[in-house]
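The structure under discussion appears below in the form of C-alpha cells.
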Number of protein chains: 2
Amino acid sequence: MIAIGEAARQSGVGIETIRYYEREGIVPRPARAANNRRLYSAQDVGRLRFLKRCRDLGFSLSDAKALLDLSEGGAADCADVSALAQRHMESVRRKIAELQRLEAALSELTANCAEGSVDCPMLSRLRMA
Amino acid sequence: MIAIGEAARQSGVGIETIRYYEREGIVPRPARAANNRRLYSAQDVGRLRFLKRCRDLGFSLSDAKALLDLSEGGAADCADVSALAQRHMESVRRKIAELQRLEAALSELTANCAEGSVDCPMLSRLRMA
DNA sequence: GCTTGATCCTGTAGTGACTACAGGATTTAT
DNA sequence: ATAAATCCTGTAGTCACTACAGGATCAAGC
C-alpha cells in the first residue's frame, strides 16, 4: 500500500486529480492509514492508470468511467466497448473535419493580409454586413 | 435602435451571450430605453456579428476582443491581425495533429475488437501494467 | 531532541464561454 | 381583459481539472 504521491507517480494521474476522482465517485474510496492518509493498492493504481489512458485517448471522464466499469464487470463486453469507441472516433473525426474547415477559412482570410493595403482585408471581411 | 432579441437575431449571438459579453466588457454597455430595456444601434449589432464570426473561426473570446479593438482603432494594423491569425492557425494545426494521433490510436485499439475473443483486446491494452 | 522540508489533509474558488434557470416586470397581440 | 412574448437582474451549473489557504504530520539530518 502506497501513499497518494507515489500512486500519482505510478499512474500518471495528478494528486489533486486523484482526490477529484474520488470525490466524484469515479474511483472507490481508498483505504486510510491510522493518520488518515490515503493508502493505495496495486489495483487502485491500475484503475488510475486505466483512466489516464482513456483520458489521453480523448474519452470524456464519464466514458472513461463506463469503460472502467466494463473492464471490471465480469463479462468483458467487447461489443459495448467497441460501440463506445466507435462513437468517440466519430466525434474525433467530426472535430478534425471542423478544424480543417477552420484552417481553410483562416488561410483564405489571411491570404491577402500583410500587403500594406489601406484596410486590412481580414478585418473588412469580418466586418461585412 | 432595436431590442436585444432583435439584435440577437440580426447578429447570430444569443441573448444571454450578449448580456454576458456586456458583463465581461467585451462590448460597450448599450443605450437604455425609459423602461430600462437595452437598445442596440446598427454599430452595436455590427460588433456582435464581428465577434460571432471570430468565435466561429475558433478564436478565443479575448482574441476576438483584441481583433475587435484592432478593427475599431484608427490604424488597421494588418500585421498585428495577421500575427494573431497565424498564431491561431498554428494552434488549430496542432489540434488537428493531436486529434489525428488519437484517431490512429483508437483505430488500432479497436481493430481487433468485436471478434468474440474471451478478453476484449482494447480493455486488456488499457489495463496493461 | 530539534529543525527543516516534504508530504499529506479538508475545503473552497477559479478557469472559458457560455447556458439555464428563478422570480419578477413590462409589452404586445388578441 | 387576458394571455403570450419579451425583457430585467442575479445566481448557479457545465467540464475536468487546477490552485490555493491553512493546517497537520512525517522523514531525514544534525
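Throughout, a chain's letter reflects where its sequence line sits, starting with A, and its residues are numbered from 1.
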All side-chain contact (heavy atoms from CB on, under 4.5 Å) counterparts of [X], not counting sequence neighbours:
X	result
B:Asp80	B:Leu70, B:Asp77
B:Arg9	B:Glu6
B:Ala104	none

Selection residues 30-56 of chain B - residue pairs positive for ring-ring contact (aromatic ring centres under 6.0 Å, His included), sequence neighbours left out: none

Residue pairs passing the ring-ring contact (aromatic ring centres under 6.0 Å, His included) test where at least one lies in residues 92-112 of chain B, sequence neighbours excluded: none

ring-ring contact (aromatic ring centres under 6.0 Å, His included) against B:Phe59, all qualifying residues, sequence neighbours excluded: B:His88

Interface residues of residues 86-102 of chain B with DNA chain D (non-hydrogen, below 4.0 angstrom):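 Output list: empty, so none.
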
With a 3.5 Å cut-off and sequence neighbours excluded, list the donor-acceptor pairs that the side chains of residues 92-99 of chain A form with protein atoms.
| unit_1 | atom_1 | unit_2 | atom_2 | d |
| --- | --- | --- | --- | --- |
| A:Arg93 | NE | B:Glu103 | OE2 | 2.6 |
| A:Glu98 | OE1 | A:Arg101 | NE | 3.2 |
| A:Glu98 | OE2 | A:Arg101 | NH2 | 3.0 |

Measure from [atom1] on [X] to [atom2] on [N] and round the result to the nearest Å.
X	N	atom1	atom2	result
B:Ile4	C:dT19	CD1	P	14 Å
B:Asp56	C:dC18	CG	C1'	14 Å
B:Glu22	D:dC7	CD	P	14 Å

B:Cys54 vs B:Asp63, side chain to side chain contact (heavy atoms under 4.5 Å, CB included): CA-CA, chis, key distance, verdict: CA-CA 8 Å; B:Cys54 291; B:Asp63 277 1; over 6 Å; no

Positions of residues 25-54 of chain B (non-hydrogen atom under 4.0 Å from DNA chain C), listed by number: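 By residue number: B:Asn35, B:Arg37.
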
Which atom pairs, one a donor and one an acceptor, fall under 3.5 Å between side chains of residues 16-30 of chain A and the rest of the protein, sequence neighbours left out?
| unit_1 | atom_1 | unit_2 | atom_2 | d |
| --- | --- | --- | --- | --- |
| A:Glu22 | OE1 | A:Arg38 | NE | 2.6 |

Pairing residues for B:Asp44 by the side-chain hydrogen bond (donor to acceptor under 3.5 Å, both in side chains) criterion, not counting sequence neighbours: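 With sequence neighbours excluded, B:Asp44 shows a side-chain hydrogen bond (donor to acceptor under 3.5 Å, both in side chains) to B:Ser41, B:Arg47, given in chain and number order.
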
Contact state string [nucleotides 11-22 of chain D, B base, S sugar-phosphate only, - no protein heavy atom under 4.0 Å]: -----BBBBB--

